[in-house]
Protein chains: 2
Amino acid sequence: MLNYSTSEENHIKAIFHLQKQDGTVTTNELANELNTKPASITDMMKKLKAKKLVNYQPYQGFRLTNDGNKVALGIIRRHRLWEYFLAEKLKFSWDEVHEVAEDLEHVSNKKLVDKLDEYLGFPRVDPHGDPIPDANGKIETTKKICLTDLPVNTPATVSSVSDQSSEILELLEHKKISIGTKLEIRKKFEFDHSMEIKIRQQAAFNISGQLAKNIFVKYGS
Amino acid sequence: MLNYSTSEENHIKAIFHLQKQDGTVTTNELANELNTKPASITDMMKKLKAKKLVNYQPYQGFRLTNDGNKVALGIIRRHRLWEYFLAEKLKFSWDEVHEVAEDLEHVSNKKLVDKLDEYLGFPRVDPHGDPIPDANGKIETTKKICLTDLPVNTPATVSSVSDQSSEILELLEHKKISIGTKLEIRKKFEFDHSMEIKIRQQAAFNISGQLAKNIFVKYGS
DNA sequence: GAAATTATTTAGTTTTGTCTAAAAATATTT
DNA sequence: AAATATTTTTAGACAAAACTAAATAATTTC
C-alpha cells in the first residue's frame, strides 16, 4: 500500500463519508466539507484520478474506485482506533476524541496500527458507536436507523450518535443514554417531533426531536 | 505556544541535538543530519531566524534561542513519550520505536501529550535511557559518560545506548546488558580497546571497543 | 599571504496544495 | 426553448519546502 499526503487522505476520507448518502459526490459538496474552494477540489480530483483512487469525468461528480475505498478504510481504521485509545486509555471525553484523531490518523505505519488494535483488544466500535475496520479493511455494516424512524414499542439499542459537540454529550449523560443503551419509544408527538422513550428499569421520559435526530439505533435488545 | 511545520520541527530538533557537542551548528552539519542540501538549510535558517527561534548571522553557524530551545524540548518530550508508549504498551522492540516516534512526535496537541504522560505514569527516561522533559520543558541532566571513559573498578549504571540498530540490540540482549544494569570495568585492553566487564552475580566477560563506545553510564550503583 | 580548497549563500526552478477571477458547462425558470 | 442562475473547470498566481548551479566568503595549505 502506497503512502498518501495528509491532504490527499483528507480528500479521500471526505469522499468516502459523502458517498454514503448519495452515490457520487459533487465539487461543491467536497469544497464545503473540506473548507476549501471548488477550484482546489478539481485540482485534487485530477490528481486522485491519475492515481486511480477516484473515478471522475469533468462535471460528472466523483466516486472512489476500489483502491480508493481501501485507502479510505485504512484512514478510518486509524481514526477510530485512535479515538478508542483516547477515550478508553487516556480518558478523553467522547466529544474531544474526534479532533485529536484527525491528526493521529495520518500516521500510517501498519505495524503501529495493528499493534495498537491488538493492545486495545480489537475493539469493534469507536466511542461514537461507529464500526472500526479490521486489518484487512473489513467493516461491520449493521444497518442502523435514526431514532426518529424507529417504530413505537420496538426494542432497539443505541449504536451511535452523530453530532459530536460537548452540548449533546452533556444532555446524553444527563439522560443516561450512551452507546449500547437499550430502549424503546412509547409515543411520538407529531407537533414538535419530540418523543417519550423508556429505558429498562427507569421511568419513561421525553426527548426533543432534535436530540432524536442525532441518535442512531439498531433493532433488538 | 505556536505551531510549527514538520519540517521546521525537524530542523529545530536537529540543531538541538547537534548543539550538544559543539556550541553552534554549521550549515553542512545540519544538511548532513537532515539529508538535505546546504542551500535548503540556509533557506530554513532564515525562516527560523525571522521567527526568533534561531540566532544566525550569515557564515556564522546557528544556535537556538531560548524560545527555540523550548520548542525543541517540546518535540523531544513528545518523541520520547511515544517511544516509551510504543515499547512499554505496544511491545515494540527497543530498536523499532525511534522511527515510529519520528512521525508521532509532530502531533503537537498539548492535552494529548500531557494525558499520555499521565497514562504512562510520568516516565523519566525513554527506552534508550534518554531523559523525558516534563510538561514545563524541564529535563533531567545527569551527566553520563561513555563506557570507554569509565575508570577501571568503578561502579556505574548503564543509562543509555546511542546506536539504535537491531544488531546492537541483539548483542546487548545476549550479554544481558540493558538500561539500569550495574557494572564495572575490570580491565581495559589498549590494543583493540576491548574491555572485560563484570555485572553483579555474573562471571566477568569481554566486550568490544565498538560496543563500549555506544554504551553510556553514570557513576554509582 | 596568495592560491587552492571548502563552506555557505544567492538566484532561479520545481512540486504540492492552495487561491482568485474568468470562462465554460449544466440546471433552473419562466 | 431562451434567459438566468448555478456549478464546475481553466488559467494564472502564490507560499512552502525542496533542489541545482553559480557566486561569494572563509579557511587551509604551501
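Since this is a predicted model, take the numbers as computed values, not measurements. The chains referred to below are lettered A, B, ... by the order of the sequence lines, with proteins before strands, and numbering in each begins at 1.
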A.B. asks: By nearest atom, which of the nucleotides D:dA11, C:dT8, D:dA18 is closest to the B:Thr36 side chain?
C.D. replies: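 Ranking D:dA11, C:dT8, D:dA18 by closest atom to the B:Thr36 side chain puts D:dA18 first.
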
A.B. asks: Could you check how far CG of B:Asp43 sits from C1' of D:dA21, rounded to whole Å?
C.D. replies: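 Distance, rounded to whole Å: 14 Å.
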
A.B. asks: For A:His11 and C:dT16, give me the distance from atom NE2 to atom P, rounded to whole Å.
C.D. replies: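 After rounding, the reported distance stands at 15 Å.
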
A.B. asks: Heavy atoms, side chains only, cut-off 4.5 Å: are B:Leu172 and B:Trp94 in contact?
C.D. replies: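 Yes, at least one pair of side-chain atoms sits under 4.5 Å.
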
A.B. asks: Which residue lies toward the 5' end of DNA chain C, B:Ile41 or A:Gln60, if each is placed at its nearest nucleotide?
C.D. replies: B:Ile41

A.B. asks: Classify A:Pro58 by what it touches in the nucleic acid, base, sugar-phosphate, or nothing, heavy-atom distance under 4.0 Å.
C.D. replies: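 A:Pro58: backbone/sugar contact only, no base atoms under 4.0 Å.
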
A.B. asks: Tell me whether the side-chain N/O atoms of B:Ser7 come closer than 4.0 Å to OP1 or OP2 in D:dA18.
C.D. replies: yes

A.B. asks: Between D:dT9 and A:Lys46, is there an OP1 or OP2 to side-chain N/O distance shorter than 4.0 Å?
C.D. replies: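 Answer no for this pair, as no side-chain N or O of A:Lys46 is under 4.0 Å from OP1 or OP2.
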
A.B. asks: To the nearest angstrom, how far is B:Asn10 atom CG from D:dA16 atom C1'?
C.D. replies: 15 Å

A.B. asks: Relative to the ring of A:Phe85, is the ring of B:Tyr119 parallel (under 30°), tilted (30 to 60°) or perpendicular (over 60°)?
C.D. replies: perpendicular

A.B. asks: Between B:Thr26 and A:Ser40, who's closer to the 5' end of DNA chain C by nearest nucleotide?
C.D. replies: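 First, find each residue's nearest nucleotide; the 5'-ward one identifies B:Thr26.
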
A.B. asks: Could you tell me how far apart A:Tyr59 (OH) and C:dA24 (P) are, to the nearest whole angstrom?
C.D. replies: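 Spelled out: OH on A:Tyr59 to P on C:dA24 is 9 Å.
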
A.B. asks: For D:dT9, take OP1 and OP2 only and decide whether either is under 4.0 Å from a side-chain N or O of A:Tyr56.
C.D. replies: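 Answer is yes, contact under 4.0 Å.
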
A.B. asks: Whole-Å distance between C:dT9 P and B:Met44 CE?
C.D. replies: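 Interatomic distance, CE of B:Met44 to P of C:dT9: 15 Å.
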
A.B. asks: Can you tell me which nucleotide in C:dC19, D:dT8, C:dT10 comes closest to the side chain of A:Thr27?
C.D. replies: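 Minimum distance to the A:Thr27 side chain belongs to D:dT8.
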
A.B. asks: Rounded to whole Å, how long is the line connecting atom CD of B:Glu29 with atom P of C:dA7?
C.D. replies: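 My rounded result for the distance is 11 Å.
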
A.B. asks: Knowing that exactly one of B:His106, B:Glu83, B:Glu105, B:Glu9 qualifies, which makes a side-chain hydrogen bond (donor to acceptor under 3.5 Å, both in side chains) with B:Arg78?
C.D. replies: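 Of the listed options, the one satisfying the test is B:Glu9.
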
A.B. asks: Can you tell me if the side-chain N/O atoms of A:Asn28 get under 4.0 Å from OP1 or OP2 in D:dT8?
C.D. replies: yes

A.B. asks: Walk me through it: do B:Glu102 and B:Lys13 pass the test salt bridge (Lys or Arg N to Asp or Glu O under 4.0 Å)?
C.D. replies: CA-CA 11 Å; B:Glu102 285 289 292; B:Lys13 191 176 50 150; 2.9 Å; yes

A.B. asks: OP1 or OP2 of D:dT8 less than 4.0 angstrom from a side-chain nitrogen or oxygen of A:Thr42, does that happen here?
C.D. replies: no

A.B. asks: Please state how far atom NZ in A:Lys37 lies from atom C1' in D:dA11, giving the value in whole angstrom units.
C.D. replies: 18 Å

A.B. asks: In whole angstroms, how far is the P atom of D:dA18 from the CG atom of B:Asn35?
C.D. replies: 12 Å

A.B. asks: Taking all non-hydrogen atoms of both residues into account, name the closest pair between A:Ser160 and A:Lys144 and its distance.
C.D. replies: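 Minimum heavy-atom contact is OG-NZ, 3.0 Å.
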
